[in-house]
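All residue numbers in this chain count up from 1 along the given sequence. This structure is a prediction, so every number in the text was calculated from the model and none was measured.
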Amino acid sequence: MATIAPPKPSTLAGELARRLRGAVRGEVLFDRASRGRYSTDASIYQVEPFGVLVPASHEDVRAAFDACRELRIPMLPRGAGSSQCGQTVGRALVVDHSKSLAGVVAFDKEALTVTVEPGIVLDALNAWLKPHGLWFPVDVSTSAQCTLGGMAGNNSCGSRSIAFGNMVHNVLAIDALLADGTEATFGDEAAMHGAPPRVRALVAGLRAIGERERDEIAANVPKVLRRVGGYNLDVFHPQSERPYTESGRVNLAHLLVGSEGTLAWTRTITLKLAPLPAHRTLGVVNFPSLYRAMESAQHIVTLAPAAVELVDRTMIGLARGNPAFRPVIDAALIGDPDAILLVEFLGDDADGPRRALDRLVETMGELGLPGSVVRMTDASAQKALWEVRKAGLNIMMSMKGDGKPVSFIEDCAVPLPHLAEYVDRLTRVFEKHGTRGTWYAHASVGTLYVRPILDMRRDGAAKMRAIAEEASAMVRAYKGAYSGEHGDGLVRSEWVAWQFGPRLVRAFEEVKALFDPDGLMNPGKIVRPSTMDDASLFRFPPGHATLPVATGLDWSAWDVHGDAATGAQTPPGTGGDPAHGFAKAVEMCNNNGHCRKFDAGTMCPSFRVTRDERHLTRGRANTLRLALAGRFGPDIASTEVRDALDLCVSCKGCRRECPTGVDMARMKVEFRHQWQRRHGLPLRDRVIASLPRWAPWASRLPWLANLRDTLPGGAWLAERIAGISAKRALPRWRRYTFLASSAARDDERPDVVLFVDTFTDRFEPENAHAALAVLRAAGRRVAIARAADGDAEPSRPLCCGRTWLGAGLVDEAKGEARRMVEALSPHVASGAAIVGLEPSCLLSLRDEFLAMGFGDAAVRLGDRAMLVEEFLAREHAAGRLRLPLGAIAQKRALVHGHCHQKAFDALSPTVAMLKLVPGLAVDVVESSCCGMAGSFGYEAEHHELSMRMAELSLLPAVRAADADTLIVADGTSCRHQIADGTRAGGAGRKAVHAIRVLASALRTEPAH
Ligand SMILES: Cc1cc2nc3c(=O)[nH]c(=O)nc-3n(C[C@H](O)[C@H](O)[C@H](O)COP(=O)(O)OP(=O)(O)OC[C@H]3O[C@@H](n4cnc5c(N)ncnc54)[C@H](O)[C@@H]3O)c2cc1C
Ligand code: SF4
Ligand code: SF4
């Protein structure tokens, strides 16, 4: 097989970019930041590609192939880039089809088949199929992100593979483009006899190799279901426990499945569908030891479950430590088990799964574990428990310090009779190397996930090899598969020879040469690999250094060393990070791609609109990481980072939903701080940042402050001069503020302190009046938060500093925060609750205040700070709330949660309080960010994107609500977005703060 000579990067890349720009409609991304963003996946590797093409059509891909072939530049197909082994990392033109090539091409409900483009996401496909009562049952954990093209590329497998098989068992045909430009549909071998000569010769060549190597295949291809390494040359003489085809005929698409983009580019895939299971039951088996659990798996699978999933003691402990998950996991436990197995049964009628559950109980009795099964027949309880299993993994991955759980033997598959011994022996191998791993996942098929904790910047590579060698010896002894789920990529391709032997490796090279004689498709994977511990390919090679940064915020919590064996951490600030923990916080992103969310949750609104890697939390973290590594110059205040963060609306969706807690909103504050120190701040940003300072003057002369919206041409002028979108109405300044009103007086011995932020006070003081009325009606003694005695500006209202933070003016924000801490500390000391109304203002007390260097005083304040509904809900739950509420005119409330409210789990208290209003039905809009996000939506350059964010789900839901429905939104900017977005020539839909609903429901007589 020909290999490619090393190209001269700059000239070749430049020529490729030039040709692509002239030939394609899609995006041609050859700038250094884009190349950097596409140089990683969920593995430990990093290789910069020549450039990136985000094709707009299949013609674009063909044009790219033509250009690459002529220039002899390799091509690397990519979906979500969630591969764990380095499959999508390489010196090539990366072709990212996840943005535009994601459609359903054909569907045959009767035949149970669908044909899709490679970029469609599994969850999106299943949502599309659901109304037809069907699904594609290869249910990988990354179903919300992974594309069908990537799943086929990796031969992915799900939790229920014991029932439905792997990708290879569920693909019927692949329409492919070869590197030489040939197009062919790979499917049933017999049906390919009419193909063009090039394809017929290819098929004949493949068969000849398959026949020649028949004995070698029988001797060396593992017989387990979970085997995804090498090429599936056994399509001609199947070795899988499960037949590849129902007819027993050869299907050549199966040779492309698992080929990791090294043979051909998948244009479309035809998939076999399954009816949605009508009924399911779950039995949770509790074990006194992990060993007993693993020993039992072989017996449990004889009951024909759809899934048998392990959760070990560590994960049980992690789940029990989380208040939200504790009741769910506790409901699944009997006593204090060392491990549990989640055993699921599916059926068309209710009886089958119920009887299977009975048999599970009997089997466990026979195995000497009577009374060990918790029966779960309720669908919502089952769903909640599956969520816990997923979240456990997330918490495990959020380990701080340089040691991280590394995926390289994560998915070795061993036959079930050996599983217990394998787990036991490998645990001892970890101990010998001074590390440990948590065990979980697919016990049903002998594929247990385990990631030892390694520090790749220090001795990680050596330990990785030593552990891999010991693990592989066991896998061989047990006749298992070294690559059981995640593929080969860079970390395991060198093990293909170990698994299949030299003769089959040569056969694989022949297969590669038949498809791709010039070696242009994703080279270095499966055949002709590099070594797994080639440090030049590591994301964090030994000696990895970061730039020194004098940070504005305190990042020391991330600047720690972790002990791989015990999990213990050194104190904050001792990790040796020249960026004082900022770099280590950024490096928490492990590229798993979980932020590529499209429906549920908040993260990441800008990506949901643009679908650009640059506007994804992962893309931002990678850009920052590269900047911190000095890739964009000696200062992190680079235009590359500025551009990547530009559309981040600081919603904090990632803070809550990213498995490792990447908080891009806080990182944006730090970046803007660095930026404005180096480049200064535009007038508009400075004016917005200092709003709390000039607000008193605006309130004194509201007619003047409101001129922009009252004077003809004022909005146009403001856009030209200040960049404030003319399409927006600005909030109206009010002369009479709450803090200046007579109502704002303190009760004796207050047990609640009401913090009234600038926005509430100046634009909607009635919200503060409502809060006061509700708190007093509930019998609370209320004080109003004001500057402390001795404050340099005693008459100036308190401010959380949010607007300063947004501009990166951290010192000014700290000044405001200090006033707050000083003013509120006496109330905190007396045990009062600190309540507020505006989520982004109040919740900064629980968030950014902790990163400003105020020590314990800020921690104590944060512990007592809550939104007013949170306080009321807490009191209600404790049986201390007596709120006299009666029915109101409206019968339904539709609630939109402010992003920060959702990020801090503060939306459910709002919903709970609204539900106390008699006769009021409360629904929550499943929405991401409203798109206004403070000043973001007012900025002329962001207006359109802001509206597109709102149109994703919020505005359609509001428009669909009938006129009698109350629209509830606690965020000031959310309320404005709702009004603006529904205006369409009229007044726009008015949304109100939840406290106003409660206040309007107050009755004078006490409630009983
Ligand atoms: C936290 C986590 C959990 C995971 N859980 C599972 C799991 O339960 N089961 C499982 O099997 N995997 C799992 N994975 C691995 C990974 O998510 C899956 O393999 C997934 O299917 C990959 O999809 P993708 O779109 O990200 O593909 P990518 O990573 O983008 O690509 C995968 C491979 O397919 C090739 N490819 C992509 N598109 C094409 C195309 N059009 N033509 C030819 N080749 C193409 C690529 O070159 C690459 O080699 C997990 C990963 C993570 C990070
Ligand atoms: S930002 Fe978080 S969710 Fe996104 S890839 Fe990084 S670690 Fe995963
Ligand atoms: S803060 Fe919001 S917009 Fe910014 S990266 Fe996180 S999820 Fe995306």
Side-chain angles (χ1 to χ4, degrees), residues 37 41-42 78-83 96-100 102 119-128 130 139-151 156 158 324 383 386-387 389-391 393-395 397-398 588-622 644-645 647-665 667 896-905 907 924-931 933 945 948-954 956-957:
R37 281 188 284 268
D41 54 13
R78 168 166 153 144
S82 69
S83 288
D96 173 0
H97 56 238
S98 66
K99 183 170 177 177
S100 302
I120 192 165
V121 171
L122 176 58
D123 274 0
L125 173 63
N126 279 332
W128 191 91
K130 197 172 177 190
D139 55 341
V140 293
S141 309
T142 45
S143 60
Q145 297 84 43
C146 65
T147 63
L148 265 297
M151 288 173 68
S156 296
K383 190 165 175 280
W386 284 116
E387 290 302 320
R389 150 114 148 72
K390 281 189 192 169
L393 162 65
N394 293 345
I395 299 167
M397 287 169 64
S398 62
M588 290 299 291
C589 172
N590 63 16
N591 278 268
N592 63 54
H594 188 67
C595 35
R596 292 177 63 97
K597 281 180 153 188
F598 298 97
D599 40 20
T602 303
M603 169 172 77
C604 168
S606 46
F607 173 74
R608 289 182 194 205
V609 172
T610 69
R611 305 233 162 173
D612 290 341
E613 183 73 23
R614 178 162 64 131
H615 301 130
L616 179 66
T617 319
R618 175 175 70 179
R620 292 177 176 133
N622 275 326
L645 294 183
L647 301 189
C648 168
V649 288
S650 302
C651 67
K652 289 193 179 279
C654 45
R655 182 189 186 278
R656 178 176 166 83
E657 294 166 33
C658 161
T660 66
V662 169
D663 184 349
M664 193 50 64
M667 290 172 186
H896 161 72
H898 183 284
C899 293
H900 294 188
Q901 210 175 352
K902 289 183 270 193
F904 286 85
D905 223 359
L907 180 60
V924 177
V925 189
E926 181 58 66
S927 53
S928 178
C929 178
C930 74
L945 192 105
R948 283 168 63 198
M949 284 184 192
E951 290 295 350
L952 283 175
S953 54
L954 172 61

Examine distances only and state if a side-chain atom of [X] and a backbone atom of [Y] form a donor-acceptor pair shorter than 3.5 Å.
X	Y	answer
K902	R656	no
T602	C899	no
K99	T610	yes
S143	D139	no
T147	S98	no

Working to the nearest 0.5 Å, report the span between [atom1] of [X] and [atom2] of [Y].
X	Y	atom1	atom2	answer
E657	C604	CD	SG	10.0 Å
S141	L122	OG	CG	11.0 Å
H896	S928	NE2	OG	8.5 Å
M588	D663	CE	CG	12.0 Å
S650	R655	OG	CZ	13.0 Å
Q901	L907	CD	CG	5.0 Å

How far apart are the closest heavy atoms of [X] and [Y], and which atoms are they?
X	Y	result
T617	C654	CG2-CB, 3.6 Å
A950	C930	CB-O, 3.2 Å
L616	F607	CD1-CG, 3.5 Å
P956	E951	CG-O, 3.3 Å
R608	R611	O-NE, 3.9 Å
C146	V140	SG-CG2, 3.2 Å

I want to check something: taking the side chain as every heavy atom from C-beta on, are [X] and [Y] in contact at a cut-off of under 4.5 Å?
X	Y	answer
H615	V609	no
P659	N592	yes
Q145	V121	no

From CA spacing to verdict: side chain to side chain donor-acceptor pair (under 3.5 Å), S82, R596 = CA-CA 10 Å; S82 69; R596 292 177 63 97; over 6 Å; no

So among H594, R620, M664, R618, which one has a side chain to side chain contact (heavy atoms under 4.5 Å, CB included) with C589?
->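 For C589, the side chain to side chain contact (heavy atoms under 4.5 Å, CB included) check succeeds only for R618.
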
Check against side chain to side chain contact (heavy atoms under 4.5 Å, CB included), L647 and R614 = CA-CA 9 Å; L647 301 189; R614 178 162 64 131; over 6 Å; no

